[in-house]
Amino acid sequence: MLGKLTLDAIPFHEPIVMGALGGAGLVGLMLMALITKFGKWGYLWKEWLTSVDHKKIGVMYIIVAMIMLLRGFADALMMRAQLAIATGGSHGVLPPDHYDQIFTAHGVIMIIFMAMPFMTGLMNIVVPLQIGARDVAFPFLNSLSLWLLVAAAILVNLSLGVGNFARTGWVAYPPLSELGFSPDVGVDYYIWALQLSGLGTTLTAINFLVTVIKMRAPGMKLMDMPIFTWTCTWANVLIATSFPILTGALAMLTLDRYLDFHFFTAEAGGNAMMYLNLFWAWGHPEVYILVLPAFGIFSEVVSTFTGKRLFGHKSMIYASGAISILGFMVWLHHFFTMGSGASVNAFFGIATMIISIPTGVKLFNWLFTIYRGRLRFENPILWTLGFMVTFSIGGMTGVLLAVPGADFVLHNSLFLIAHFHNTIIGGAVFGYLAGFAFWFPKVFGFKLEPKLGKAAFWFWQIGFMFAFIPLYVLGFMGMTRRLNYTTNPEFEPWLNLALFGALLIACGIACQLAQIAVSVMKRHELKDETGDPWNGHTLEWSTSSPAPFYNFAKLPQVHDIDAFTDMKEKGVAYAVPKSYEPIHMPKNTAHGVYIGGFSTLLGFAMIWHIWWLALLSLVGIFACMLARAYDGDKDYYVQPEEVAAIERARFAKMGVRADDAAAENAAPSGRAPRPATTA
């Protein structure tokens, strides 16, 4: 009846696991109690969980990312602590079986369930606003993508308390991930979580590519789109072309495990190297999927806080495109040591070095933008300057690893781990945190408290150096990754420094959580009435903070790359329209939530071989899809009277009267009226 699932699947004998489950359950119960006490279940369901508003969906993506950041960082802290303790004959506190699950879960969570949702959340919030659209092309598909991610995240967290997670490392190489070497459910949790999240990510990419191509504001040419929108577009091109490769590789691994197909089983005629090629044909573009939107964020931040137009707008677009194309031509540098031969290694080594050139173009463009600009040291610019240092170190060490001869020495060592974290944390994560601080007032209507934000940055920046620079040293000393204890006393001081760095980063995360809480409490002091707290250049700053559910009362006319700055200079930024048209908007729907719920059940059933539940779940998914397809009540019109009332309230808060705005609109030049509080 329950397939392989028994009470033995719950690890009652592991105090660390049961303590984590108990703590998470207690926090969950407290949260549910608070929601019940304040009577917010109905509000959450109607306004958030069933919403198809791209801004609310973006916020929910970021909430998922932050929750998974805490889980993934807890895993990292345990690994650092284990390696600092497990020296000189001690085997530490984590048994090998548990340690292997932790480092596998850490990699999967941080890449698939923290970085990807954070990036997708920012993209959801900002891209439609930047191109002057009222929503994405397919609002329901956007909701469905979110709930497929949530379903996958639930499965990953369920593996902590029901069964176990994979012990293979986050890449799940065969033959270790084959049934003969991993007969338990760990790899199955891995497969179904990645398949569900990957499906949602692919749907998101298609959705946003159509949105950017078909829904730009009148007058906005492709080459005039903001750089963040462009980098997200290149990332979505990479997603649409690379994620199906991962889907295929995992489908073959599934067939190997469930139906004995032996695609990757050498003794049965398969080839494990085929999995490696397929995985990294997705895996290296994935690195650029993560970092390209961060590059776009840094471009927006540098341009805004210098008060200048971005240096080399078109060169940034071409550089991002070059990175996207070259990103598909470097995957084999992940196995220089596996006997491909000198010619193949030379080609991929040179391609890897070449990809650093367009990245360098971007760095110099940011520096030239800062040159002779009046740089304002707000929190987003601190993350940007920190990135320039940490990512440059990662780039230089990446060029070193691109030399096949050097890679023979450093491959599979902690040097590689340090390089990877330099690029992903110093590049992608710093970028997302800059974007979070930058666009927070646009989403919630008030800024983040700056002092705690600066403390968080410095804890992160200094902690990062302490956590990962020692790993470069350990890599040169010969320490390999995936060890759960060491016997070389020369490693100990460097491992202790790495643990100290991780603790500093923990302080940084604590400061960020405190910053959010303090900002909410001081939201009236930090309030933004203008919609443009940073004196921004792009269209998202032309709406109120938070933006109305329809985004724009009238679709903006674009005549320049920096569309909003152009409007301010011409004096039309805050013009009050004489009349409004009805606005066509999608209605909220619960079908995405239901499909996500059934997908969770389907994944769980397939993991534990509960075939009747898998069949019922499939029926439920198809029933929801049919119900959505035949639902005739999917949209509505916002009437002009409602739009006019919302816009009048917005202009009144800004101190702009209709007659003032009309007079300013008639002027040939000059700036529209702006409150004195605007930066």
Side-chain angles (χ1 to χ4, degrees), residues 55 125-134 212 215-230 296 299-310 313 369 373 376 438-439 441-442 445 528-548 550-581 583 643-644 646-679:
K55 300 178 291 296
I125 291 165
V126 178
V127 167
L129 288 167
Q130 280 199 337
I131 65 171
R134 291 206 167 102
V212 165
M215 297 181 69
R216 299 190 308 278
M220 182 177 282
K221 300 174 184 177
L222 275 173
M223 295 303 288
D224 290 346
M225 291 194 308
I227 294 298
F228 177 70
T229 296
W230 256 115
S299 300
E300 303 291 347
V301 167
V302 167
S303 177
T304 298
F305 290 102
T306 55
K308 292 172 59 181
R309 176 169 290 189
L310 182 70
H313 182 93
T369 305
R376 290 178 282 149
F438 186 53
W439 284 302
K442 175 52 57 182
D528 167 40
E529 299 284 13
T530 69
D532 184 22
W534 312 120
N535 196 17
H537 296 307
T538 44
L539 287 177
E540 74 267 30
W541 306 110
S542 67
T543 65
S544 59
S545 294
Y550 50 76
N551 288 354
F552 300 95
K554 278 187 174 292
L555 292 181
Q557 293 283 335
V558 175
H559 304 286
D560 192 77
I561 291 173
D562 293 329
F564 189 42
T565 296
D566 179 59
M567 293 176 184
K568 287 186 280 191
E569 289 174 350
K570 291 177 178 176
V572 298
Y574 299 99
V576 180
K578 293 180 180 178
S579 62
Y580 297 95
E581 302 291 331
I583 298 174
V643 177
I646 294 171
E647 293 299 306
R648 275 197 303 270
R650 173 204 171 193
F651 285 121
K653 287 180 180 177
M654 294 171 58
V656 178
R657 296 181 302 176
D659 52 351
D660 290 340
E664 192 71 34
N665 191 27
S669 63
R671 290 187 178 272
R674 291 167 58 83
T677 54
T678 303

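For Thr538, the side chain to side chain donor-acceptor pair (under 3.5 Å) partners are Glu540, not counting sequence neighbours. Evaluation of the side-chain contact (heavy atoms from CB on, under 4.5 Å) rule for Ser544 yields Pro548, Arg650 as partners, not counting sequence neighbours. In this structure, Arg648 has no side chain to side chain donor-acceptor pair (under 3.5 Å) partners at least two apart in sequence or on a different chain. For Lys55, the side chain to side chain donor-acceptor pair (under 3.5 Å) partners two or more places apart in sequence, or in a different chain, are Asp53, Asn551. Taking the salt bridge (charged side-chain N to carboxylate O under 4.0 Å, His left out) definition, one finds that Asp562 meets it with Arg309, sequence neighbours left out. In this view, Ile227 and Thr231, Ser299, Glu300, Leu310, His313, Met316, Ile317 satisfy the side-chain contact (heavy atoms from CB on, under 4.5 Å) rule, not counting sequence neighbours.
Distance CD1/Ile131 to CG/Leu539: 9.5 Å, rounded to 0.5 Å. To the nearest 0.5 Å, atom OG1 of residue Thr304 and atom CZ of residue Arg376 are 7.5 Å apart. Interatomic distance, OG1 of Thr565 versus NE2 of His537, reported as 5.0 Å (0.5 Å rounding).
The backbone N or O of Gly531 sits less than 3.5 Å from a side-chain atom of Lys442, completing a donor-acceptor pair. Checked by atom type and distance alone, the side chain of Lys308 pairs as donor or acceptor with a backbone atom of Thr369 at under 3.5 Å. Side-chain N or O atoms of Trp541 include none that pairs as donor or acceptor with a backbone N or O of Trp534 at under 3.5 Å. Formation of a donor-acceptor pair under 3.5 Å by the Arg134 side chain with backbone atoms of Leu129 is not found in this model. Side chain of Asp532 to backbone of Asn535: a donor-acceptor contact under 3.5 angstrom is found.
Between Arg216 and Leu222 there is a side-chain heavy-atom pair separated by less than 4.5 Å. With contacts defined as side-chain heavy-atom distances shorter than 4.5 Å, the pair Tyr580/Ile646 does not qualify. Two residues are said to be in side-chain contact when any heavy atoms from C-beta on lie closer than 4.5 Å; Met223 and Trp230 meet this criterion. Between Glu647 and Val576 there is no side-chain heavy-atom pair separated by less than 4.5 Å.
Of all heavy-atom pairs spanning Gly536 and Lys568, the tightest one is O-NZ, 2.9 Å. Taking both residues in full, the closest heavy atoms of Pro218 and Leu555 are given as CD-CB, 4.2 Å, listed atom of the first, atom of the second, then distance. Closest approach of Ala563 to Val558, counting heavy atoms only: CB-CG1, 4.0 Å. Across all their heavy atoms, Glu581 and Lys554 have their closest contact at CG-NZ, 4.3 Å. Heavy-atom minimum distance, Phe564 versus Ala573: CE1-CB, 3.6 Å. Closest of all the heavy-atom pairs between Ala217 and Gly132 is CB-CA, 3.9 Å.
Relative orientation of the Phe228 and Trp439 rings is tilted, given thresholds of 30° and 60° on the angle between their planes.
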Notebook entry, point to check: Hey, mind stepping through Met225 and Gln130 against side-chain contact (heavy atoms from CB on, under 4.5 Å) and telling me if it holds?
Noted result: CA-CA 8 Å; Met225 291 194 308; Gln130 280 199 337; over 6 Å; no
